[in-house]
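Reviewing the structure listed below.
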Amino acid sequence: MDSIGDKPVRVRFAPSPTGYLHVGGARTALYNFLVARKAKLNGDEKASFILRIEDTDAERNRPEWTEGIISSLKWLGIDWDEGPYFQSQRSDLYAKAADFLFNSGNAYWCSCTREDVDSRTKGSATPGYDRYCRERGVAKSQNSVLRFKVPLNGSTTVNDLVRGAVNVENKNIEDFVIQKSDGSPLFVLANVVDDIDLSINLVIRGEEHLPNTFKMALIFDALRALYSNSEATDSPTYAHLPLLVNEKRQKLSKRRDRVAVEDFKEQGFLPQAMINYLALLGWGPGDDREFMSLDELTELFELEKVNKAPAFFDEKKLRHFNGVYIRNLSDEVFSELSMPFFDKAGLRFDLEKWKIMVSVVKERVETLDDVPKMVDFLFLESVEIDENSKAKVLNQEKSAEILFLARESFGKATWDTDVLKNQMLAICEKLDLKLGKAQAPVRLAITGRLIGPPLFEALVALGRDATIRRLTSALEWFK
RNA sequence: GGCCCCAUCGUCUAGUGGCCUAGGACAUCACCCUCUCAAGGUGGAGGCACGGGUUCGAAUCCCGUUGGGGCUGCCA
């Protein structure tokens, strides 16, 4: 989508600050961002990506959630051109629209309580509001809500870039509430008013909003006269994105699923990997490419190629992507990015030791959170020996000899990976063992585990004194 | 229940009537490489939900069935 007709593309991401930014929201934001960016790339210089905070529900909104959403977007590298606009600061607009809808006969006051409606419609074939107050001429009061007067006949069609034309009979749309009894607008009203006011011409959002879209189209038509002097007389184009679902194929939920973007940051995922993976959930470039930078995504992304079916957010694949992105980092950057994770692990960190390990660790982790776990033994006074591994080593023949000979030769060897390896090779020859077998007891003594980073780099980083000490204490196992 | 959406390997996808004996990636299995573990390499298993049409020809178009999901709030 290069442009909407001849007008500059104006898209928006409109989160509600009732929780952190989750991956589904992040993907929606990303697609909006890519569309605007691509439009600019193709010469639509005024294309704009707008951030709008939908905080009309005073009960649930918290400023700290807004902060969280904004910082998550920034972390991901998703930047907006305009805003953030806050709906809570634009009440006049919605009140004016609500008044207009009432005065033009498109809305009416309703004093029914939830219980009233439920008792009347119990057992009815058409649940939902029964239009009870539609012609009663109820006056505005502290207990009344404003409802939209949905046409009884005809049908409403929404043109969707992803799904094509979607149609619903108006009689199946209930007379929905557009303004609460406290005077604040509901989502459908505020959303339409702002889209008009901000001249949004392309709405990209999650599929859960598809049913709302019919109501919005109705509101839009009814409001046309109010805004007849403005440019926004054409309804925006819509693109409803397939939902992101959990393993049970249900919509990702903030309460049920652990999907906060900030959590992924905490766990040591890289924003570039997140972006790349998220972009692929519901879209593909058409060939077999999977790894793409933001610039490449911008160039290749096409809303029209977005899938219709829901996509499972697979953390396994995300981890794989993250590992690839980590391995592509320079040692310097990787080392730098690891620092906060060492802090978090609370180890007695030593930069000189770490420097020796950087490149070999980089090849072996999938998240930055894995980093301290892999080299913790370097920063501990003594290591905790894994019991299962110890049992294996004790069962293995010649373990004691290996440890004894290693301590002897390491005591006087030049402290260098190649030298140490050759020393071990000599021991192997003497005991008629393969290095793979012989290194195990030493590794356990030094790191406490049987798996870990390459042994000789680890020894060099640990230092001679600590190495000898750990070998000596391992020798105690055999007494 | 009603309205709406959706349906290619376990997962994400390529595929837009013949190039499909359905391609790639993650996960999985085997082997190779190897100081353990990774990474890398090679190979394997694994899919067009089902039933009808349309057509010389369908994963691709149409209808139905089944299955899944979303919405159904004075939330967004």
Side-chain angles (χ1 to χ4, degrees), chain A residues 14-19 54-57 59-61 87 110 112-114 123-129 143-147 158 160 162-163 166-169 171-174 176-188 190-191 205-214 240 242-243 245 247-251 277 280-291 307-321 323-324 327 360-366 374 421 424-425 428 434-440 442-444 447 449-458:
Chain A
S16 176
T18 54
E54 307 224 326
D55 56 351
T56 52
D57 187 355
E59 303 263 318
R60 276 161 234 259
N61 297 313
Q87 290 191 327
C110 166
C112 298
T113 63
R114 184 80 235 160
S124 150
T126 51
Y129 185 63
N143 298 318
S144 59
V145 296
L146 192 62
R147 286 184 183 272
V158 169
D160 191 287
V162 176
R163 274 145 230 286
V166 185
N167 184 276
V168 70
E169 298 290 323
K171 64 173 190 234
N172 289 323
I173 303 174
E174 69 173 341
F176 52 95
V177 178
I178 55 178
Q179 190 179 83
K180 303 182 201 178
S181 53
D182 69 1
S184 62
L186 263 86
F187 162 71
V188 280
N191 199 270
R205 51 165 32 161
E207 195 198 337
E208 72 268 27
H209 288 301
L210 194 48
N212 287 323
T213 312
F214 303 108
H240 285 96
L243 258 21
V245 298
E247 60 288 337
K248 285 151 75 182
R249 310 231 42 108
Q250 293 166 315
K251 180 173 84 159
Y277 178 67
L280 259 17
L281 254 24
W283 171 82
D287 54 26
D288 290 337
R289 296 172 71 175
E290 287 212 301
F291 291 99
N307 290 139
K308 298 199 234 320
F312 170 61
F313 182 80
D314 185 1
E315 209 174 307
K316 289 245 183 68
K317 187 156 181 175
L318 205 213
R319 291 185 68 86
H320 170 76
F321 267 61
V324 172
R327 272 175 259 130
V360 296
V361 170
K362 192 181 78 175
E363 303 297 320
R364 287 170 172 73
V365 293
E366 284 188 319
M374 190 166 282
K421 182 175 182 179
M424 273 307 286
L425 253 13
C428 286
K434 286 270 177 49
L435 184 52
K437 199 103 175 170
Q439 57 93 36
V442 178
R443 179 182 295 278
L444 181 66
T447 71
R449 303 176 210 112
L450 251 17
I451 58 173
L455 182 60
F456 304 106
E457 278 80 358

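From a predicted model like this one, the values you see are computed outputs, not experimental measurements. Reminder, nothing fancy here: chain letters follow the sequence lines and each chain counts from 1.
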Between the protein and nucleotides 60-66 of chain B, which nitrogen or oxygen pairs come in under 3.5 angstrom?
none

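- Looking at heavy-atom distances under 4.0 Å, A:Asn191 makes no contact with the nucleic acid at all.
- Contacts of A:Asn143 with the nucleic acid, taken as non-hydrogen atoms under 4.0 Å apart, include base atoms.
- A:Gly452 comes within contact range of at least one nucleobase, with a heavy-atom separation under 4.0 Å.
- Heavy atoms of A:Arg449 sit nowhere under 4.0 angstrom from any nucleic acid atom.
- In this entry B:A14 has no Watson-Crick or G-U wobble partner, no candidate having both defining distances under 3.5 Å.
- Side-chain nitrogen and oxygen atoms of A:Arg249 include at least one within less than 4.0 Å of the OP1 or OP2 phosphate oxygen of B:C12.
- In terms of phosphate contacts, A:Lys308 brings no side-chain nitrogen or oxygen within less than 4.0 Å of OP1 or OP2 of B:G69.
- Within the 4.0 angstrom heavy-atom criterion, no nucleotide atom of any strand lies near A:Glu315.
- In this structure, B:C75 makes no Watson-Crick or G-U wobble pair, since no nucleotide meets both defining distances under 3.5 angstrom.
- The side chain of A:Arg114 contributes an N or O atom lying less than 4.0 Å from OP1 or OP2 of B:G73.
- Among the protein residues, A:Asn167 comes within range of the sugar-phosphate backbone only, with heavy atoms under 4.0 Å from sugar or phosphate atoms but none that close to a base.
- As judged by a 4.0 angstrom heavy-atom cut-off over every strand, A:Pro285 is placed among residues making no nucleic acid contact.
- An OP1 or OP2 oxygen of B:U36 is reached within less than 4.0 angstrom by no side-chain nitrogen or oxygen of A:Lys434.
- Nucleic acid contact class of A:Ala440 (heavy atoms, under 4.0 Å, all strands): none.
- Between A:Lys421 and B:C35 there is a side-chain N or O to OP1 or OP2 distance below 4.0 Å.
- As judged by a 4.0 angstrom heavy-atom cut-off over every strand, A:Phe321 is placed among residues making no nucleic acid contact.
- As judged by a 4.0 angstrom heavy-atom cut-off over every strand, A:Ser184 is placed among residues making no nucleic acid contact.
- A:Val145 comes within 4.0 angstrom of a nucleotide base, judged by non-hydrogen atoms across all strands.
- Using a 4.0 Å heavy-atom distance criterion, A:Pro454 is classed as a base contact.
- A donor-acceptor contact under 3.5 Å links the side chain of A:Arg364 to the base of B:C37.
- Nucleic acid contact for A:Leu281: sugar-phosphate only, since backbone atoms but no base atoms lie under 4.0 Å from a heavy atom of the residue.
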